[in-house]
There are 2 protein chains.
Amino acid sequence: MSAWTPPPPGRHVYEYPRPAVAVDCVVLGLDTDDLKVLLIRRGVDPWKGAWALPGGFVGEREGLEAAARRELVEETGIGEVFLEQLYTFGEPDRDPRHRVISVAYYALAKLSDFKLTAGTDAAGAGWHPLSKLPALAFDHATIIDAAVARLRGKVRYAPIGFELLPPRFTLTQLQRLYEIILERELDKRNFRKKILSLDLVIETDEKQTGVRHRAARLYRFDRKKYDRLVKHGFEFAI
Amino acid sequence: MSAWTPPPPGRHVYEYPRPAVAVDCVVLGLDTDDLKVLLIRRGVDPWKGAWALPGGFVGEREGLEAAARRELVEETGIGEVFLEQLYTFGEPDRDPRHRVISVAYYALAKLSDFKLTAGTDAAGAGWHPLSKLPALAFDHATIIDAAVARLRGKVRYAPIGFELLPPRFTLTQLQRLYEIILERELDKRNFRKKILSLDLVIETDEKQTGVRHRAARLYRFDRKKYDRLVKHGFEFAI
DNA sequence: CGTGTTCGTGTCCATCATACACTTATGCGA
DNA sequence: TCGCATAAGTGTATGATGGACACGAACACG
C-alpha cells in the first residue's frame with residue numbers, strides 16, 4: 001500500500017490480493033403491458049452461452065458510472081439514459097473462478113428507442129419480460145430483483161417513471177406505466193386528478209394520430225420545474 | 001480472516017490493473033440533542049493525523065458486510081449494530097496515491113453502549129456532532145452527507161430509528177429522535193397518536209426513575225411484529 | 001350514418017393530518 | 001409538608017387528501 005513501484009510491462013503486481021471490480025447494468029424498459037430487462041448472451045466462460053446483464057470490468061482510471069455507461073454503449077448501443085447506482089454485490093463466491101465485486105447500476109430506457117429483436121442484434125442482446133426470465137449467469141437474477149424493488153419503491157416519491165416514456169405521452173400511457181410498475185390497477189379519474197395537481201406535466205396542443213378512437217391529448221414532463229422543486233427540498237408522493 | 005498472514009511482497013500479479021477495494025462505515029449515534037458520527041484519527045499516510053471514517057480493505061475471501069463489521073470491531077469496539085450498505089464511491093482520484101474503491105456502510109448505534117471520550121480511546125476514536133465536523137480525510141465528508149440523507153429518507157417509512165434508542169424508552173425520547181433526524185418540531189399529541197396507532201411499540205409497566213418530574217412510562221419496540229408485517233408487504237409512514 | 005373504442009370529466013364520503021391547552025404526577029427545597 | 005418547577009399524558013374540531021363511482025364526447029372505419 002505504501003511504497004508503490006510501477007509494475008513490469010503487461011503485469012500488475014500488488015502487495016496484497018485484490019478482487020476484480022466490475023459494473024453490471026439492469027436496463028429496464030416498458031413494453032405494452034410489462035416491464036422488460038435487457039440481457040446479453042455471454043460469449044465467454046464462465047457461464048458461456050447463458051444470459052447475463054450487460055457489464056464488465058472497470059478501467060484503471062475510469063469512474064464507476066462512466067464504466068457502466070461505457071459498457072452499455074459497447075454491448076447494447078444504449079446511451080443517454082437515466083442511470084443510477086443500485087447496490088454493490090461482493091459475496092466471495094459469486095464468481096466461480098476468482099473474486100469479483102460488482103457495482104450494479106439500474107437504467108430506465110424507452111423501449112421504442114432501442115428496438116432489439118431478441119437474438120438477432122449485436123452479440124445477442126434482447127429484451128426479456130420480468131415475468132419469464134431465462135436462467136441467468138452468476139447472481140444476476142438477484143441483481144434484477146433488487147433493481148425492480150428499487151424502481152417500485154422510488155417511483156412512488158420521485159417521478160422517474162417519465163424516463164420510460166417517449167417525450168410526448170398521453171395520461172393513459174402514464175397511468176399504464178404506474179400500473180405495470182406498482183402491479184395494481186389505478187382509478188382513471190383519481191390518477192389524472194393527482195398527476196395534474198402535482199403540476200409536473202405540461203399539456204401540449206398535440207394529439208394522438210392514427211388511432212381509430214377519440215385522440216388523446218399529449219403531455220410532456222416538465223423537467224425544469226421538477227429540478228427546481230427538488231432543489232428546494234420539495235417532496236412528492238404518487 | 002482470522003489466521004491471515006500477509007503474503008510475501010510481490011506475490012499478487014494480475015494481467016489487468018485492479019483497484020483496491022475498501023469499506024468505510026458511517027456510525028451514527030444519538031446524543032441528547034443532536035446526531036453524532038464516530039470518527040477515528042488516521043495513524044498512517046495519506047491524511048495521517050486527519051479524522052476519518054472507520055474502515056479498511058476487504059479481505060481476500062471476505063464478504064463486504066463482513067469486512068465492514070470486522071473493521072468496526074477492530075477500530076472502535078462496536079459490534080452487533082444495525083448496518084446497511086449505503087453507496088459505493090469510486091471516483092478515480094478520491095485517494096491521492098492509488099485507485100481505491102470504497103463500499104460505504106452506515107450503522108446506527110446507541111451512544112450509551114459506546115461511551116468513547118474523544119481522543120482517549122483506542123487509536124483516538126470519538127463522537128463528533130454532525131453540525132461541526134472537523135476536516136476529514138479523502139471524500140469522507142461526502143460519504144457522511146450521503147448517510148445522513150439516507151437516514152432522513154428511510155426513517156419516514158421504516159422504523160429504523162429504534163436502533164438509536166436504548167431497549168426501553170419513553171415516547172418523548174422517541175419523539176425527540178424524530179425531531180433531531182427530521183430537523184423539525186413535532187406535535188406531542190399527534191406524534192403519540194400516530195406512533196401508538198402503528199402498534200409497533202409495546203407499553204411496559206416500568207417507569208422512568210430519578211427524574212424530578214412526573215415519571216414517563218417506558219415502551220419497547222415490537223421487533224417481532226415489525227418483521228412479520230414487513231414479510232407481508234405492509235407499509236408504514238411516520 | 002351507425003358502431004366500436006377510448007377520451008375526458010365531478011361529486012360524495014371516509015380517512016387522515018394538523019392545530020391547539022390543561023390536568024396529573026413527581027422531586028426538590030423552603 | 002407544602003408549594004414550585006418540570007415534564008407527562010390526554011381529546012376535539014377543522015381542513016386536506018384519498019378512493020369509489022358512470023356517462024357523454026370525439027374520432028375512425030365500414
Side-chain angles (χ1 to χ4, degrees), chain A residues 30 32-33 155-157 159 161 165-166 168-220 229 233-238, chain B residues 30-33 155-157 159 165-166 168-220 229 233-238:
Chain A
L30 182 72
T32 321
D33 40 24
V155 81
R156 301 226 16 252
Y157 60 91
L165 291 176
R168 303 293 155 106
F169 51 85
T170 70
L171 293 186
T172 301
Q173 286 178 297
L174 185 60
Q175 181 180 343
R176 195 81 195 91
L177 164 76
Y178 276 90
E179 290 178 334
I180 290 169
I181 295 177
L182 298 177
E183 283 182 318
R184 65 190 171 98
E185 301 210 331
L186 302 172
D187 178 84
K188 187 174 170 177
R189 279 175 291 192
N190 293 338
F191 180 79
R192 293 162 103 91
K193 216 189 308 174
K194 182 80 194 188
I195 288 291
L196 293 176
S197 77
L198 288 178
D199 226 31
L200 288 175
V201 293
I202 298 175
E203 185 177 304
T204 71
D205 42 12
E206 298 164 64
K207 295 201 167 190
Q208 272 184 323
T209 53
V211 288
R212 70 167 164 291
H213 56 74
R214 178 174 176 178
R217 182 175 294 280
L218 296 176
Y219 290 78
R220 63 190 178 82
L229 289 174
F234 194 76
E235 284 187 26
F236 310 85
I238 292 170
Chain B
L30 182 71
D31 206 354
T32 321
D33 40 24
V155 82
R156 301 228 15 254
Y157 61 91
L165 291 175
R168 302 293 155 106
F169 50 85
T170 69
L171 293 186
T172 302
Q173 285 178 298
L174 185 60
Q175 179 180 343
R176 194 79 197 92
L177 164 76
Y178 276 90
E179 290 178 334
I180 290 169
I181 295 178
L182 299 176
E183 284 183 319
R184 65 192 171 96
E185 300 210 333
L186 300 173
D187 179 84
K188 188 177 176 178
R189 278 176 290 193
N190 294 336
F191 180 79
R192 293 161 103 92
K193 216 187 308 172
K194 180 81 194 189
I195 288 291
L196 293 175
S197 77
L198 289 177
D199 226 31
L200 289 175
V201 294
I202 298 176
E203 185 177 305
T204 71
D205 43 12
E206 297 164 65
K207 295 202 166 189
Q208 274 183 322
T209 53
V211 288
R212 72 166 162 290
H213 54 76
R214 178 173 177 178
R217 183 174 293 280
L218 295 175
Y219 291 78
R220 63 188 179 83
L229 290 174
F234 194 77
E235 286 188 24
F236 310 84
I238 293 168

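Note: hydrogens, waters and symmetry copies are ignored here, and every other heavy atom, side chains too, is used. Order of the sequence lines sets the chain letters (A, B, ...), proteins ahead of strands, with each chain counted from 1.
- The nearest whole Å value for the distance from the CD atom in B:Q175 to the C1' atom in D:dA8 is 12 Å.
- Using a 4.0 Å heavy-atom cutoff across all strands shown, A:R217 reaches sugar-phosphate atoms only and no base atom.
- In this structure, the side chains of B:Y219 and B:L165 stay at 4.5 Å or more apart for every pair of heavy atoms.
- For A:R217, the salt bridge (Lys or Arg N to Asp or Glu O under 4.0 Å) partners two or more places apart in sequence, or in a different chain, are A:E203.
- The CG atom of A:L186 lies 12.5 Å from the CZ atom of A:R192; values are rounded to the nearest 0.5 Å.
- Counting heavy atoms from C-beta on, the side chains of B:L30 and B:R176 never come closer than 4.5 Å.
- To the nearest 0.5 Å, atom NZ of residue B:K188 and atom CG of residue B:L171 are 10.0 Å apart.
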Check: How would nucleotides 22-30 of chain C be written as a contact map, 5' to 3', with B for base contact, S for sugar-phosphate-only contact and - for no contact, using protein heavy atoms under 4.0 Å?
Finding: --BBBSS--
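- As judged by a 4.0 angstrom heavy-atom cut-off over every strand, B:T172 is placed among residues touching the sugar-phosphate backbone only.
- Rounded to an integer number of Å, the gap from B:E203 CD to D:dA8 P is 15 Å.
- Atom CD1 of A:I195 and atom C1' of D:dT17 are 15 Å apart (whole Å).
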Checklist line | Under 4.0 Å protein heavy-atom contacts per nucleotide of nucleotides 11-21 of chain C, with B for base, S for backbone only and - for none | finding: B-----SBBBB
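- The side chain to side chain donor-acceptor pair (under 3.5 Å) test applied to B:R189 returns no partner, not counting sequence neighbours.
- Rounded to an integer number of Å, the gap from B:F169 CZ to D:dA8 C1' is 16 Å.
- Using a 4.5 Å heavy-atom threshold, the side chains of B:I195 and B:Q175 count as separate.
- Residues meeting the side chain to side chain donor-acceptor pair (under 3.5 Å) test with A:Q208, sequence neighbours left out: none.
- Between A:Q208 atom CD and D:dA28 atom C1' the separation is 13 Å, expressed in whole Å.
- Rounded to whole Å, atom P of D:dG11 lies 18 Å from atom CZ of B:F191.
- In this structure, the salt bridge (Lys or Arg N to Asp or Glu O under 4.0 Å) partners of B:D199, at least two apart in sequence or on a different chain, are B:K225.
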